[in-house]
Amino acid sequence: MSQLIQPRVLKGFRDYLPEAMMPRERLIETARQVYRSYGFAPIDTPTLEYLEILTGKGSEETDKQLYKFEDQGGRNVGMRFDLTVPLARFSAMHVPQLGTPFKRYHIATVWRGEAPQAGRYREFMQCDFDTIGTTSSVSDIETTLVIHDLLRAIGFSAFTIRINNRLVLTGLLEKLGLSEKSTLVLRALDKLAKIGPDKVVAEMTEIAGASQAQATAIVNLANVSEDVGGDSSAVLSRVAPMVSGNEKGEAGVELLQEHMAAVSAAGVSPQAVRLDVAIARGLDYYTGVIYETFLNDLPGIGSVCSGGRYDNLAGLYTKQQLPGVGASLGLDRLLAAMEQLGLIEKVRTPADVFIPFFDETRLHDYLRIAAELRAAGLGVEFYPESKKLDKQLKYADKRGFRFALIIGGHEFAEGKAQLKDLAQRESVELILEDQCAAIAAEVEQRR
RNA sequence: GUGGCUGUAGCUCAGUUGGUUAGAGCGCCAGAUUGUGGUUCUGGAAGUCGGGGGUUCGAAUCCCCUCAGCCACCCCA
């Protein structure tokens with residue numbers, strides 16, 4: 001008698017059943033296609049990195065969330081908590097050979113030891129894309145277009161990409177003499193939509209150490225988008241005087257203007273991209289344009305695709321200055337959202353055609369026919385047991401097969417096959433001789 | 001990491017003031033004169049009541065610890 005081990009998974013970690021995995025893989029495939037269509041090339045990096053690579057940058061918060069341990073050789077190692085830090089290390093090592101601009105995408109799992117919640121896990125997948133080694137605003141604009149195409153390709157029409165430029169905020173902070181406290185001030189500002197202006201002002205004065213007047217000035221700027229209803233030229237004409245006289249602030253306004261015009265010229269609808277001077281992003285390293293993407297039907301789940309421009313990606317690892325811009329699609333958060341919105345199609349089988357094991361003596365014929373159909377491009381599942389036909393068909397139905405190819409003693413005798421359309425509940429007789437072409441054609445036509 | 005709520009068959013849940021063999025629906029498996037699936041009928045399997053400890057004559061029901069989920073804070077995808 002052996003003691004059973006209780007089967008269980010760690011907090012924030014999950015098993016993926018076929019019905020969860022199929023849409024997941026479809027999403028990954030969609031992301032790949034969109035990234036490639038803009039010339040981004042795939043890379044991968046190790047799950048584990050030397051601890052100093054991962055802890056060097058980022059806040060104490062990310063350090064706390066880092067999974068770290070000592071490996072068998074006594075090295076201090078950590079599991080990557082995002083794909084940006086590995087990209088920075090990768091770029092320091094390889095971009096000199098690869099040349100710039102370097103455009104890569106990276107779809108991989110990352111780990112963070114934080115408290116899980118709906119749409120937040122300890123193990124989750126990110127789909128990053130970045131353009132390294134250019135300061136051109138064209139890459140900023142292209143990044144917006146990629147996010148847009150990506151969400152459209154996934155099947156969303158109601159989403160909003162919120163754009164801002166850190167230079168505007170940096171400019172204002174410089175003007176107000178608050179540059180030193182920017183991290184805490186911006187972190188407070190990031191909560192504007194959530195907790196409202198009064199509490200933001202309170203946090204800025206109490207935690208970030210800003211004066212009442214300084215905090216109010218920042219909140220006033222951030223509120224402009226709200227005040228004028230999101231029209232980008234109206235927003236900019238209100239914001240411009242607030243940062244006038246400051247070089248960075250003025251540059252930021254100009255870049256935003258150019259960005260919005262270019263995106264619109266590329267055919268993106270104005271509803272999909274909005275200028276929002278309130279978004280700040282908590283991360284320190286952003287220096288230019290910043291992005292956050294919300295689903296209109298489920299804003300509470302947070303941003304599903306975020307990113308921005310940074311001046312110096314790999315400064316910790318190389319003296320070469322590597323500017324860049326990019327964004328990250330939160331695959332698992334997006335899937336959680338799609339699940340909540342009922343957008344996940346329940347498909348449980350990856351194959352098109354089901355062949356029941358009908359006549360026990362014809363195993364070789366079934367295997368041959370299945371092989372020929374696969375060669376003709378169809379996915380075919382052959383049932384491994386020759387049990388009652390109704391059981392086998394019930395299985396096919398449950399798994400969501402669209403077609404069953406029924407070939408029993410009668411069919412074999414007459415050289416025919418019966419293709420049953422399980423969704424339409426109808427059958428057609430086909431000649432076995434040329435069944436491959438005929439069946440493939442019939443399936444294609446009905447699909 | 002901190003605080004709140006929750007945890008009963010595969011799923012959704014019911015279980016009276018702690019009291020005998022823990023229930024339902026759906027699902028699953030097997031049948032309804034052995035070649036055809038979503039309906040119907042019949043039968044069946046399946047639960048250490050998240051796990052561990054305690055109080056009690058007796059606990060799914062009370063207490064403690066622990067694990068997990070959800071929510072808030074924090075941070076972010």
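The model shown is predicted, which means the values in this text are computed figures rather than measured ones. Proteins get letters first, then strands, A, B, ... in listed order; numbering begins at 1 in each.
The salt bridge (Lys or Arg N to Asp or Glu O under 4.0 Å) contacts involving residues 31-41 of chain A comprise A:E29-A:R32, where partners must be two or more places apart or lie in separate chains. Screening residues 113-124 of chain A for salt bridge (Lys or Arg N to Asp or Glu O under 4.0 Å), with sequence neighbours left out, gives A:E114-A:R120. Applying the side chain to side chain donor-acceptor pair (under 3.5 Å) test to pairs two or more places apart or on separate chains, those with a residue in residues 294-304 of chain A are A:T160-A:N296, A:S303-A:S306.
When the P atom is used for both B:rU17 and B:rC63, the distance is 15 Å, rounded to whole Å. B:rC29 and B:rC73: their P atoms are spaced 45 Å apart (whole Å). Distance check on atom C1': B:rG50 versus B:rA45 gives 23 Å, rounded to whole Å. Spacing between B:rC76 and B:rC62 at atom C1', rounded to whole Å, works out to 41 Å. For the P atom pair drawn from B:rU36 and B:rU8, the interatomic distance equals 41 Å after rounding to whole Å. Using atom C1' as the reference point in both B:rC74 and B:rU48, the two lie 38 Å apart (nearest Å). Between B:rU6 and B:rG43, the two P atoms lie 39 Å apart (nearest whole Å). Between B:rC71 and B:rC13, the two P atoms lie 15 Å apart (nearest whole Å).
Map A:L389 and A:K11 each onto its nearest nucleotide of RNA chain B; the residue landing nearer the 5' end is A:L389. In terms of position on RNA chain B, the residue among A:A115 and A:K194 whose nearest nucleotide sits closer to the 5' end is A:A115.
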Annotated structure of RNA chain B as dot-bracket, pair cut-off 3.5 Å, Watson-Crick or G-U only, | for inter-strand, is (((((((..((((.....[...)))).(((((.......))))).....(((((..]....))))))))))))....

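One atom, CD of A:E292, and another, P of B:rC75, lie 13 Å apart when rounded to the nearest Å. For A:R122 and B:rC75, the CZ to P distance is 18 Å, given to the nearest whole Å. In this structure, A:W111 atom CH2 and B:rA77 atom P are separated by 17 Å, rounded to whole Å. Whole-Å rounding puts the A:E360 CD to B:rG35 P distance at 13 Å. The CZ atom of A:F358 sits 7 Å away from the C1' atom of B:rU36 (whole-angstrom rounding). Straight-line distance from the CG atom of A:L10 to the P atom of B:rU66: 17 Å, rounded to whole Å.
Ring centers of A:Y383 and A:F357: at least 6.0 Å apart, outside the cut-off.
Side-chain N/O atoms of A:K394 include none lying less than 4.0 angstrom from OP1 or OP2 on B:rC29. At B:rA30, none of the side-chain N or O atoms of A:K388 fall inside 4.0 Å of OP1 or OP2 (strictly under the cut-off). Using a 4.0 Å cut-off, no side-chain N or O of A:K391 falls inside it from OP1 or OP2 of B:rG35. Within the 4.0 Å cut-off from OP1 or OP2 of B:rG27, not a single side-chain nitrogen or oxygen of A:K398 is found. At the phosphate of B:rC76, neither OP1 nor OP2 sits under 4.0 Å from any side-chain N or O atom of A:R112. The side chain of A:Q117 places an N or O atom within less than 4.0 Å of a non-bridging phosphate oxygen (OP1 or OP2) of B:rA72.
By the side chain to side chain contact (heavy atoms under 4.5 Å, CB included) test, A:L184 is found to be paired with A:A208, residues two or more places apart in sequence or in another chain being considered. Partners of A:D359 by salt bridge (Lys or Arg N to Asp or Glu O under 4.0 Å), not counting sequence neighbours: none found.
Between the side-chain ring of A:F124 and the base of B:rA77, a stacking contact exists by the 5.5 Å and 30° definition.
Cation-pi contact between A:R309 and A:Y286: absent, since separation from the ring centre below 6.0 Å together with deviation from the ring axis within 45° is not met. Note that A:R14 lies in the cation-pi zone of A:Y121, set by a 6.0 Å cut-off to the ring centre and a 45° limit from the axis.
Closest to the A:L422 side chain, of the nucleotides B:rA77, B:rG37, B:rG35, is B:rG37.
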